Amino acid sequence: MSTDKSTHHHTHKAIAKSAGVIGIATFCSRILGFIRDIVIARLFGVYIYAQAFVIAFRIPNLFRDLVGEGATNAAIVPVFSEYSVKHTKEEFWELANVVLNLLLIVLVSLTLLGITFAPLIVRLIAPGFAASPEKLATTILLTRIIFPYILLISLAAYCMGILNSLKHFAVPAFAPCLLNISIIVFAMIFGEGIKGLALGVLVGGALQLAIQIPVLYKKGFRLKVPRTLKHPAAKTIGKLMTPRLLSSSIYQLNNFVDSIFGSLAWIVGEGGVAVLYFSYRLIQFPLGIFSNALSQAILPTFSTQALEDNREKMKLTLSWGLRSLFFVMLPASAAFIVLAKPIITTLFGGGRFDSYSADMTASALVFYSIGLFAYGAIKILQSCFFSLKDTVTPTKIAALSLILNIIFITALMYPLKIGGIALANSISGIISFLVLLRMLKRKIGDFYSKEIFISFMRILLASICMGAVCYFFNATDLIASAHIINKFVNLTLLILLGIISYIGFCVIFRVSEMWELWRWLRKNK
């Protein structure tokens with residue numbers, strides 16, 4: 001096995017570099033996203049305009065995942081990666097034009113339908129809003145205004161898929177930063193009200209698309225009207241997308257289930273929809289920086305290894321990917337659980353974001369954090385299934401996750417309020433991860449599961465000990481301060497203390513992934 005690891009060191013190094021580029025870009029985007037969410041939180045709290053924005057923005061994001069990013073990961077990247085190897089550049093770009101024209105037909109139709117049926121859609125996914133006519137009317141208006149975002153962001157996701165299949169990651173990865181900058185600027189210019197949020201979303205979507213066009217042009221893309229929209233590879237993409245569409249629909253239904261129950265203010269409390277949004281945005285920080293970056297960078301490698309029919313390479317890559325993910329996600333979970341309240345109050349506290357908003361959001365964050373490692377690992381496993389051109393299995397597991405989520409929310413939201421919705425997500429996510437892991441093992445054989453399990457337990461022990469250190473220092477009121485500048489400084493000190501103690505406990509528990517990272521950094525200084 002050591003010989004195999006050495007042989008594939010360069011492959012893992014290339015993935016790590018690509019993931020590093022995506023991770024840096026995503027880090028910038030998440031930081032800007034935090035600033036965006038801080039602006040929204042302080043302007044609107046968790047009340048009417050914040051809730052309207054969360055629902056209105058979620059609806060086009062559903063379709064973005066269906067025909068944009070979801071299609072990119074499941075179908076466009078694997079097919080185009082194969083096409084770039086087996087066919088000429090002219091044939092590659094001909095396929096790109098065919099797929100683009102088909103996408104345009106679908107996207108324009110969806111946009112028009114979404115604007116027309118916005119009132120019905122809002123009532124379906126936020127039934128609790130019907131109790132407040134002002135909240136309902138505001139959400140419907142905002143939904144109609146920003147629905148064209150689906151067209152812009154899905155085309156941006158298509159460009160990302162083409163560039164990623166050519167193993168160009170930098171510009172597509174940095175593009176989301178422009179959306180956050182746009183929303184921040186327009187929200188601050190217009191202040192309270194929906195005009196700034198709406199303009200920020202639309203302009204940001206246009207910028208994400210515009211920044212990638214010059215790179216595509218440089219790579220060789222030329223916009224043409226194809227002679228026919230019938231193409232064998234386009235059919236393959238369609239076949240791969242069909243179960244992925246179902247899978248994405250189920251995944252988004254999970255999110256809408258959260259919105260449906262979160263809108264029931266008489267059960268979970270006022271502002272539930274916004275509370276779930278702000279808490280899950282924090283969860284998305286480590287997921288976006290590391291998990292999404294790693295799964296995005298590893299997909300072309302999985303696709304190439306599947307094309308070569310080399311299962312041993314794939315198993316090594318999968319084992320390395322999961323262990324690397326656990327090394328980051330488990331300590332992040334521990335930190336979120338023990339530092340939820342100071343993180344929320346430091347980042348979002350102020351303006352309309354009062355103590356009630358902070359308590360509710362911290363509760364959701366704690367329970368979401370329990371499933372953090374599973375959310376990230378599922379993306380890695382799905383990438384492996386997608387590379388094998390199996391989009392059916394992830395769809396089945398997504399359906400299982402939806403059913404479990406509804407069952408657990410129904411059981412937990414009465415005793416735990418908004419925290420019960422977050423905990424239900426974590427439990428269903430962990431179960432889905434374990435089932436998906438088992439299904440992949442049946443498909444490709446054992447992929448060093450003993451090594452992965454031992455690594456997981458060692459990292460978990462190190463993370464628990466790190467969490468205990470952070471809890472002790474936080475309990476001594478180190479974080480308490482009357483001045484906002486000191487709150488940021490103290491939170492930073494707590495996080496640094498957590499990182500240092502985590503490194504120390506990794507040494508004590510012999511976490512090999514830390515040494516692998518250290519050796520890689522030394523070789524690439």
Side-chain angles (χ1 to χ4, degrees), residues 37 40-41 44-59 61-62 119-140 142-143 250-283 336-337 340-341 344-345 348 352-371 375 400-432:
D37 292 336
I40 294 173
F44 309 116
V46 296
Y47 304 107
I48 180 170
Y49 289 121
Q51 294 180 65
F53 173 73
V54 170
I55 295 299
F57 196 44
R58 178 164 288 174
I59 293 168
N61 274 330
L62 158 67
L120 175 61
I121 297 171
V122 171
R123 284 183 172 89
L124 285 174
I125 68 172
F129 284 15
S132 171
E134 182 188 1
K135 189 189 297 184
L136 181 64
T138 301
T139 307
I140 292 171
L142 188 56
T143 299
I250 295 169
Y251 172 76
Q252 290 295 339
L253 276 174
N254 247 329
N255 290 333
F256 288 151
V257 164
D258 293 350
S259 296
I260 290 168
F261 287 107
S263 71
L264 305 177
W266 58 89
I267 298 175
V268 301
E270 179 60 33
V273 169
V275 165
L276 293 172
Y277 170 79
F278 287 125
S279 56
Y280 198 68
R281 284 288 298 165
L282 286 166
I283 290 294
F336 277 140
I337 290 170
K341 188 65 181 290
I344 295 297
T345 54
F348 298 133
R352 292 271 291 163
F353 200 90
D354 50 23
S355 59
Y356 169 81
S357 304
D359 289 339
M360 291 274 284
T361 308
S363 172
L365 178 60
V366 168
F367 289 114
Y368 267 137
S369 301
I370 295 171
Y375 307 147
L400 171 66
S401 180
L402 173 63
I403 295 169
L404 291 173
N405 196 31
I406 294 172
I407 292 171
F408 287 124
I409 287 177
T410 304
L412 297 172
M413 73 173 181
Y414 287 95
L416 296 176
K417 307 299 181 185
I418 201 69
I421 298 177
L423 180 58
N425 275 265
S426 290
I427 296 172
S428 61
I430 292 170
I431 293 174
S432 298

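Quick caveat, the model's predicted, so the values are computed rather than measured.
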Contact list for residues 408-425, test salt bridge (Lys or Arg N to Asp or Glu O under 4.0 Å), sequence neighbours left out: none

If you look only at distance, which donor and acceptor atoms sit under 3.5 Å apart when one is on a side chain in residues 266-275 and the other is two or more places apart or in another chain?
residue, atom, partner, partner atom, Å
Glu270, OE2, Gln51, NE2, 2.9
Glu270, OE2, Lys135, NZ, 3.3

Partner of Ile421 under side chain to side chain contact (heavy atoms under 4.5 Å, CB included), chosen from Leu412, Leu264, Asp258: Asp258

Verdict with reasoning, Ile370 to Ile430, per side chain to side chain contact (heavy atoms under 4.5 Å, CB included): CA-CA 9 Å; Ile370 295 171; Ile430 292 170; 4.2 Å; yes

With sequence neighbours excluded, residues passing side-chain hydrogen bond (donor to acceptor under 3.5 Å, both in side chains) with Tyr368: none

Pair Phe256-Leu124, side chain to side chain contact (heavy atoms under 4.5 Å, CB included): steps then yes or no: CA-CA 9 Å; Phe256 288 151; Leu124 285 174; over 6 Å; no

Ala340 to Val366 - nearest heavy-atom pair and separation: CB-CG2, 3.5 Å

side-chain hydrogen bond (donor to acceptor under 3.5 Å, both in side chains) partners for Tyr356, two or more places apart: none

Non-neighbouring partners of Ser259 that pass side-chain hydrogen bond (donor to acceptor under 3.5 Å, both in side chains), sequence neighbours left out: Arg58

Contacts of type side chain to side chain contact (heavy atoms under 4.5 Å, CB included), residue Arg123, not counting sequence neighbours: Pro119, Leu136, Ile140

All side chain to side chain contact (heavy atoms under 4.5 Å, CB included) counterparts of Ser428, not counting sequence neighbours: Ser401, Leu404, Asn405

Counterpart residues, ring pair (Phe, Tyr, Trp, His ring centres under 6.0 Å), relative to Phe353 (two or more places apart): Phe278, Phe348

Identified side chain to side chain contact (heavy atoms under 4.5 Å, CB included) counterpart of Phe53 within the set Thr139, Leu142, Thr138, Thr143: Leu142

Shortest non-hydrogen contact from Gly128 toward Ser263: N-OG, 3.1 Å

Residue pair Thr361 / Ser357: nearest heavy atoms and the distance that separates them: OG1-O, 2.7 Å

Partner set under side-chain hydrogen bond (donor to acceptor under 3.5 Å, both in side chains) for Ser426, not counting sequence neighbours: Tyr375

Side chain to side chain contact (heavy atoms under 4.5 Å, CB included) against Leu402, all qualifying residues, sequence neighbours excluded: Ile250, Leu253, Asn254, Val257, Ile406

Residues that Asp359 engages under salt bridge (Lys or Arg N to Asp or Glu O under 4.0 Å), provided they are two or more places apart: Lys341

Check against side chain to side chain contact (heavy atoms under 4.5 Å, CB included), Ile344 and Leu282: CA-CA 9 Å; Ile344 295 297; Leu282 286 166; 3.2 Å; yes

